[in-house]
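As the structure is a computational prediction, the values presented were derived from the model and not from experiment.
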Amino acid sequence: MKLLTEFKTTEIVLIFSDLYQIFLNGNHQKILKEAESLIKSLIKNNKTVVLPTFNLFFPKTKITSFSTDHITTGYLNRYLVKKFKFKRTLRPMYNYAVIGPQSKSILSMKQTTAWGKDSVVGYLIKNKCLGVGLNIDPKKFNWLAIHYCEEKAKVPYRYYKKFNGYNNSIKKKVFEKMFVRDLDVLKIEDGRVLNTKLIKKKKIKTKKIMSFKVSFINLMDYSDEAEKLLSKNIYSLVKNEKRIT
């Protein structure tokens with residue numbers, strides 16, 4: 001597979017996917033092989049590839065491991081982690097699979113908090129990582145960097161909370177400190193205003209590649225634009241939540 005221009009200008013690629021609809025409408029095995037071909041091409045060209053292998057059930061179950069059974073971010077990520085020799089970060093919830101030249105640096109991040117300056121996403125932003133979304137909606141998708149920007153700005157609708165549990169793979173107690181949403185404040189995440197600006201400025205681009213609709217964003221560009229919005233209105237990345245009583 002020929003390496004696309006967007007990939008040539010970056011050293012790190014963070015891949016998100018939302019393949020539910022395409023799996024329903026297409027050839028399941030063909031889609032997996034195309035994704036596999038993309039990863040092979042990136043590895044061959046010495047790019048560092050990062051996959052979000054989050055375990056979003058950890059706060060409830062308090063159990064995690066490096067088994068793909070504990071990956072809640074989609075079938076494709078579970079498939080790719082099994083197919084390639086990805087290494088995994090240690091935090092139990094916002095965990096990442098990494099392969100490539102910058103793996104050691106990413107794996108050694110302290111991750112004091114899930115989205116802070118010494119987190120994986122903080123590293124990716126600082127190093128101008130290319131965010132890649134396979135079949136995501138570029139107008140609505142809240143790229144992970146949104147949480148980094150919220151934590152940096154210390155938005156008033158979030159607060160720090162620590163989650164404790166156990167990792168069955170390393171046989172150790174583990175924890176993660178997160179800047180979580182305050183459920184008593186009726187605000188929910190909404191990056192559409194930010195995405196609209198980035199699309200208009202052609203910072204978010206979308207093109208058809210094989211069976212995928214692929215969106216691209218330099219995470220530093222995303223972060224810079226988000227910080228501008230937050231400096232003008234600290235509530236610019238959320239909307240009011242309607243609750244049924």
Side-chain angles (χ1 to χ4, degrees), residues 3-17 35-36 38-56 58 64-68 70-71 73-74 76-78 80-134 143-152 160 162-163 167 169-170 172 174-179 203 216-227:
L3 198 67
L4 297 169
T5 303
E6 287 81 2
F7 294 121
K8 290 179 180 177
T9 58
T10 188
E11 297 302 318
I12 315 174
V13 178
L14 172 64
I15 299 178
F16 299 93
S17 61
E36 188 180 328
L38 172 61
I39 299 298
K40 284 181 178 178
S41 177
L42 292 171
I43 293 172
K44 182 180 178 181
N45 285 274
N46 294 315
K47 305 299 180 182
T48 298
V49 181
V50 184
L51 301 176
T53 47
F54 304 158
N55 178 1
L56 300 181
F58 180 75
T64 194
S65 72
F66 296 138
S67 165
T68 55
H70 284 117
I71 296 175
T73 43
L76 179 64
N77 287 356
R78 294 194 291 271
L80 294 174
V81 166
K82 285 183 176 180
K83 194 72 181 179
F84 297 93
K85 295 181 180 179
F86 280 92
K87 293 183 178 180
R88 304 280 293 279
T89 59
L90 291 177
R91 289 302 181 201
M93 194 172 351
Y94 280 85
N95 181 275
Y96 301 83
V98 189
I99 192 169
Q102 295 195 42
S103 294
K104 187 175 181 180
S105 296
I106 294 171
L107 292 165
S108 67
M109 296 304 297
K110 190 174 181 180
Q111 291 183 266
T112 304
T113 64
W115 308 311
K117 290 183 179 180
D118 64 359
S119 68
V120 172
V121 69
Y123 179 92
L124 298 180
I125 291 170
K126 182 180 178 181
N127 287 276
K128 301 181 180 180
C129 169
L130 182 69
V132 176
L134 306 181
W143 301 87
L144 186 63
I146 195 170
H147 298 311
Y148 169 87
C149 300
E150 288 177 315
E151 183 165 339
K152 186 176 180 181
Y160 287 108
K162 189 176 178 181
F163 298 91
N167 186 315
S169 294
I170 60 175
K172 287 184 179 180
V174 290
F175 73 90
E176 187 142 18
K177 185 178 180 182
M178 292 178 58
F179 197 45
K203 296 292 186 180
F216 303 93
I217 177 68
N218 181 310
L219 293 188
M220 181 172 280
D221 288 341
Y222 185 96
S223 176
D224 288 345
E225 195 67 43
E227 288 182 23

For H147, the ring-ring contact (aromatic ring centres under 6.0 Å, His included) test, sequence neighbours excluded, returns W115
NZ-NZ distance between K126 and K117, expressed to the nearest 0.5 angstrom: 10.0 Å
Residue among N167, N55, I170 satisfying side-chain contact (heavy atoms from CB on, under 4.5 Å) with S65: N167
Search all heavy atoms of T53 against all heavy atoms of A97 and return the closest pair with its distance. OG1-N, 3.4 Å
Atom of V121, atom of A114 and distance for their closest heavy-atom approach: CG1-O, 4.2 Å
Do I71 and L51 have side chains that get closer than 4.5 Å, going by heavy atoms? no
Could you check whether any side-chain N or O of T48 sits under 3.5 Å from a backbone N or O of Q102, counting only pairs where one atom can act as donor and the other as acceptor? yes
Are any non-hydrogen side-chain atoms of R88 and N95 less than 4.5 angstrom apart? yes
Could you work out, with ring-ring contact (aromatic ring centres under 6.0 Å, His included) as the rule, every residue matching F58, not counting sequence neighbours? none
Between E176 and M93 (side chain of the first, backbone of the second, donor and acceptor by atom type, cut-off under 3.5 Å), is there such a pair? yes
Heavy atoms, side chains only, cut-off 4.5 Å: are L76 and L134 in contact? yes
For the residue pair F7 and L42, establish whether any side-chain heavy-atom pair is separated by less than 4.5 Å. yes
Search all heavy atoms of L14 against all heavy atoms of P52 and return the closest pair with its distance. CD1-CD, 4.1 Å
Donor-acceptor pair, distance only, cut-off 3.5 Å: does the side chain of D118 make one with the backbone of T112? yes
Taking all non-hydrogen atoms of both residues into account, name the closest pair between D221 and K203 and its distance. OD2-CD, 3.6 Å
Validation row: F216, T9 side chains within 4.5 angstrom (heavy atoms): no
Close side-chain approach of T73 to F16, heavy-atom, < 4.5 Å: no
Could you tell me if the side chain of L124 sits less than 4.5 Å from the side chain of I106, heavy atoms only? yes
How long is the straight-line distance from CE of M178 back to CZ of R91, given to the nearest 0.5 Å? 12.0 Å
Would you please say whether a donor-acceptor pair under 3.5 Å links the side chains of Y148 and E227? no
Under 3.5 Å donor-acceptor, S41 side chain and L38 backbone: no
Y222 to A145 - nearest heavy-atom pair and separation: CD2-CB, 3.6 Å
What's the separation between atom CG in L130 and atom CD1 in I217, rounded to the nearest 0.5 Å? 8.5 Å
With rounding to the nearest 0.5 Å, note down the distance linking CG in N218 to CG in N127. 10.5 Å
Is S119 reaching over with its side chain to a backbone N or O of G122, donor-acceptor style, under 3.5 angstrom? yes
Quick one about Y94 and Q111 (side-chain donor to acceptor, distance below 3.5 Å, no hydrogens or angles considered), yes or no? no
Taking the side chain as every heavy atom from C-beta outward, state whether F66 and L90 have any pair of such atoms under 4.5 Å apart. yes
If we ignore hydrogens and angles and just use 3.5 Å, is the side chain of K47 paired with the main-chain N or O of T10 as donor and acceptor? yes
May I ask you to check whether F86 and Y96 place their ring centers less than 6.0 Å from one another? no
S103 and V98: which non-hydrogen atoms are nearest, and at how many Å? OG-CG1, 3.4 Å
